[in-house]
Amino acid sequence: MLSVRVRYAPSPTGSLHVGSARTVLFNWLFARHHGGAFVLRIEDTDQSRSTNAFAQRQQEILHWLGLEWDEGPGIGGPHAPYNQMARLPLYANALQRLKEAGAVYPCYCSPEELAARREQSRRAGRAPRYDGRCRDLTSAERRAFESEGRRPAWRLRLPDDGETVVHDLVRGDVTFAHAILDDFVLVRSDGLPVYNFVVAVDDAAMEITHVLRGDDHLANTPKQLFVYRALGVVPPAFAHLPSVLATDRSRLSKRHGPVSIEDYREQGLLPEAILNYCALLGWSPGDGREVMSLHEMVEAFSLDRVGKAGSVYDVDKLRWMNGQHLHQLDPTELLRRVEPWLRADGLLKHIGGDEGPAPEAVLALVQERVETLADLPEAIRYFYVRPSVFDPAGVRRHFQPSAAPLLRAAAGRILALEPFSEHSLEVAYRALAEELSVKAAVLIHPTRLALTGRTVGPSLFALASLLGRQECVARVFDAAERIESGAFSM
RNA sequence: GCCGGUAUCGUCUAGAGGCCUAGGACGCCGCCCUCUCACGGCGGUAACCCGGGUUCGAAUCCCGGUACCGGUACCA
């Protein structure tokens with residue numbers, strides 16, 4: 001079997017969203033699974049909507065996701081260039097061949113005329129197809145149009161009857177009657193080629209073996225098959241992936257909230273989690289596994305396990321998935337990833353000096369309590385900055401006047417503790433509780449609040465041992481003092 | 001309108017005619033663990049779009065309907 005070559009061919013008209021990411025991922029997984037090549041190609045022939053900025057952003061986010069391409073922009077390859085505006089001569093050449101073969105003809109109808117006729121047909125209840133009026137123009141007629149100053153678009157001549165069947169790898173055979181197809185435009189009157197033409201020319205030129213794309217392309221596939229036929233090349237295999245939908249089952253778009261991968265990155269989601277989640281949109285390994293590494297996905301990926309029905313993406317599950325991956329991260333790696341968030345938060349300058357606890361140890365303590373990187377600065381702040389605000393509900397519950405002597409007693413024990421460790425702290429606290437005839441929780445809760453300003457968080461003894469003796473004593477005394485002075489009672 | 005596709009818990013899905021009293025996951029609820037919160041564990045909630053066939057037997061095959069999605073551009 002020929003070595004597998006797939007491609008992802010985005011048009012740079014927006015940022016990469018979950019649906020496109022899913023499509024890239026499937027292509028990438030398919031290529032890696034088969035040891036083939038993954039090509040990136042920029043389809044920028046829609047000059048009115050394409051921008052270079054979008055192209056750059058899409059590539060940048062692909063790098064971030066770790067979906068590297070083997071050929072394409074930035075790295076080149078045997079079929080360069082990889083953006084279509086730079087490949088115009090190829091299309092001109094292909095068109096020339098089609099002209100010589102008599103497969104295409106010039107059409108002098110203006111877009112306005114066509115739109116008007118389409119509208120008319122639609123109103124009359126007829127199919128809004130091109131009527132083929134320029135199909136058999138005599139050379140005199142052509143000259144007449146030319147002398148009017150009209151520039152022709154080039155249309156592909158299609159058979160009026162018969163049918164074309166697309167052998168789709170996920171949907172099986174899909175049949176299209178030729179009667180519903182019209183002679184479509186290959187090259188616009190301004191000389192720029194159109195998608196259905198260039199996609200086939202490029203996939204052929206780049207020796208693409210499998211086209212994996214969204215199922216919104218299924219209905220256009222027969223047209224592309226005609227281009228391959230006219231060009232005399234064997235078409236690639238096709239696999240149309242089910243679409244990714246918004247919660248209301250409509251097509252995903254900006255108005256459904258944050259759906260671009262850039263948004264997710266800003267929310268502190270991990271690339272491996274996004275990829276893992278995307279993989280499960282329309283595919284499953286079949287053995288019940290859900291949380292998987294990229295490597296596992298490559299190993300398990302197969303087109304015949306891709307479903308046919310569209311799937312609604314679910315932010316809750318994405319976030320859960322993120323938590324799963326984040327919890328597995330080695331604290332050193334987690335620190336590396338969270339750095340930008342700590343910097344943005346202003347917390348980074350407090351970390352890493354001789355003063356505070358080792359960040360890796362702190363992260364290890366809180367990582368299973370957060371879901372995203374964005375949650376982390378808040379979760380670790382009190383390790384590096386004394387709490388300035390105390391949870392109001394916590395204050396009402398745990399900072400009653402009766403708590404002050406308890407805190408003073410506790411501080412005394414901490415001061416005298418030898419050695420100072422998580423274990424000795426726990427022993428001392430439980431002993432003290434025993435002596436005072438209170439439940440350990442009665443000591444623990446006010447202490448946590450004094451130390452962190454919160455009522456929730458990691459094990460008190462673990463966090464206290466990281467905070468250090470001096471800091472613990474200072475914070476606990478301080479809280480006792482403020483309770484006594486009535487600073488909390490207002 | 002026409003053409004095409006799709007249809008299993010709210011959501012992602014498993015299911016290739018008997019293994020289905022329909023399994024797993026997210027979410028939600030309860031319990032356990034426990035110094036709180038999380039993590040984890042246990043349990044619960046909840047689905048085969050409808051109608052006809054075929055078959056001894058259908059979530060699975062066929063037909064029809066319905067709904068949804070896509071295409072029908074000198075967009076991609």
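Chain letters run A, B, ... following the sequence lines, proteins first, then strands; residues in each count from 1.
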Across all chains, not counting sequence neighbours, the ring-ring contact (aromatic ring centres under 6.0 Å, His included) partners of Phe145(A) are Tyr108(A)

Partner of C20(B) by Watson-Crick or G-U wobble geometry, both contacts under 3.5 Å, or none?
none

Span that lies between the P atom of C28(B) and that of G4(B), in whole angstrom
43 Å

Could I get the full list of side chain to side chain donor-acceptor pair (under 3.5 Å) partners for Asp173(A), not counting sequence neighbours?
His167(A)

Output, in order, the C-alpha distance, side-chain angles, deciding distance and verdict of ring-ring contact (aromatic ring centres under 6.0 Å, His included) for His325(A) and Tyr277(A).
CA-CA 11 Å; His325(A) 284 272; Tyr277(A) 179 74; over 10 Å; no

Under 4.0 Å, heavy atoms only, any strand: does Glu290(A) hit a base, just the sugar-phosphate, or nothing?
base

Would you measure the distance from the P atom in C33(B) across to the matching atom in G27(B) and give it in whole Å?
23 Å

Pair Leu329(A), Leu270(A) - check side chain to side chain contact (heavy atoms under 4.5 Å, CB included), show working.
CA-CA 10 Å; Leu329(A) 244 34; Leu270(A) 269 15; 4.1 Å; yes

Sorted by number, residues from residues 271-281 of chain A placing a heavy atom under 4.0 Å from RNA chain B are Leu280(A), Leu281(A)

Taking only the C1' atom of each, what is the distance from C12(B) to A46(B) in whole angstrom?
15 Å

Boundaries of the chain A footprint along RNA chain B (any atom under 4.0 Å from a heavy atom)
G1(B) to A76(B)

Under the ring-ring contact (aromatic ring centres under 6.0 Å, His included) test, residues paired with Phe420(A) that sit two or more places apart:
none

Which part of the nucleic acid does His217(A) contact within heavy-atom distance under 4.0 Å: base, sugar-phosphate only, or nothing?
base

Within the 4.0 Å heavy-atom criterion, would you say Ser110(A) contacts the bases, only the backbone, or no part of the nucleic acid?
base

With sequence neighbours excluded, tell me which residues meet salt bridge (Lys or Arg N to Asp or Glu O under 4.0 Å) with Asp46(A).
Arg49(A)

Can you sort out which residues in residues 445-463 of chain A have a heavy atom within less than 4.0 Å of RNA chain B? Ascending by number, please.
His445(A), Arg448(A), Thr455(A), Val456(A), Gly457(A), Pro458(A), Ser459(A), Leu460(A), Phe461(A)

Considering every strand shown, what is the Watson-Crick or G-U wobble mate of C31(B) when both distances are under 3.5 Å?
G41(B)

Residue pairs involving residues 306-318 of chain A (criterion salt bridge (Lys or Arg N to Asp or Glu O under 4.0 Å); sequence neighbours excluded)
Glu290(A)-Lys317(A)

Tell me what Arg122(A) touches on the nucleic acid: a base, only sugar-phosphate, or nothing, going by heavy atoms under 4.0 Å.
nothing

Got Arg454(A) and Asp391(A) here, is their nearest side-chain heavy-atom distance under 4.5 Å?
no

Which part of the nucleic acid, if any, lies within reach of Ala309(A) when heavy atoms closer than 4.0 Å are counted: base, sugar-phosphate only, or nothing?
sugar-phosphate

Sugar-phosphate only, base, or nothing, as touched by Arg305(A) at under 4.0 Å among non-hydrogen atoms:
sugar-phosphate

Assign Arg319(A) to base, sugar-phosphate, or nothing according to its heavy-atom contacts below 4.0 angstrom with the strands shown.
nothing

Using salt bridge (Lys or Arg N to Asp or Glu O under 4.0 Å) as the criterion, list what pairs up with Glu119(A), not counting sequence neighbours.
Arg122(A), Arg123(A)

Could you measure between the two C1' atoms, the one in C49(B) and the one in C56(B), and give it in whole Å?
27 Å

Mate of C68(B) across any strand shown (Watson-Crick or G-U wobble, both atom pairs under 3.5 Å) is G5(B)

If you measure from the C1' atom in A14(B) to the same atom in G23(B), how many Å do you get, rounded?
6 Å

Between Arg413(A) and Glu435(A), does at least one N-O distance fall below 4.0 Å, as a salt bridge requires?
yes

Counting the atoms with a prime plus P, OP1 and OP2 as sugar-phosphate, which does Gln324(A) contact under 4.0 Å by heavy atoms, base, sugar-phosphate, or nothing?
sugar-phosphate

With sequence neighbours left out, the residues meeting ring-ring contact (aromatic ring centres under 6.0 Å, His included) with Trp283(A) are Phe301(A)

Write down the distance separating the C1' atoms in U66(B) and C50(B), rounded off to the nearest Å.
7 Å

For G57(B), the nucleotide meeting Watson-Crick or G-U wobble distances (both under 3.5 Å) is none

Counting only Watson-Crick or G-U wobble pairs whose two distances fall under 3.5 Å, which nucleotide matches G51(B)?
C63(B)

Check every strand shown and say whether Gly282(A) touches a base, only sugar-phosphate, or nothing at a heavy-atom separation below 4.0 Å.
sugar-phosphate

Determine the contact category for Ser189(A): base if any of its heavy atoms lies under 4.0 Å from a base atom, sugar-phosphate if only primed atoms, P, OP1 or OP2 are that close, otherwise nothing.
base

Would you measure the distance from the C1' atom in U60(B) across to the matching atom in G15(B) and give it in whole Å?
8 Å

What contact category does Asn220(A) fall into here, base, sugar-phosphate, or nothing, at under 4.0 angstrom with non-hydrogen atoms?
base

In chain order, what residues pass the salt bridge (Lys or Arg N to Asp or Glu O under 4.0 Å) check against Arg289(A), with sequence neighbours excluded?
Asp287(A), Glu296(A)

Using ring-ring contact (aromatic ring centres under 6.0 Å, His included) as the criterion, list what pairs up with Phe184(A), not counting sequence neighbours.
none

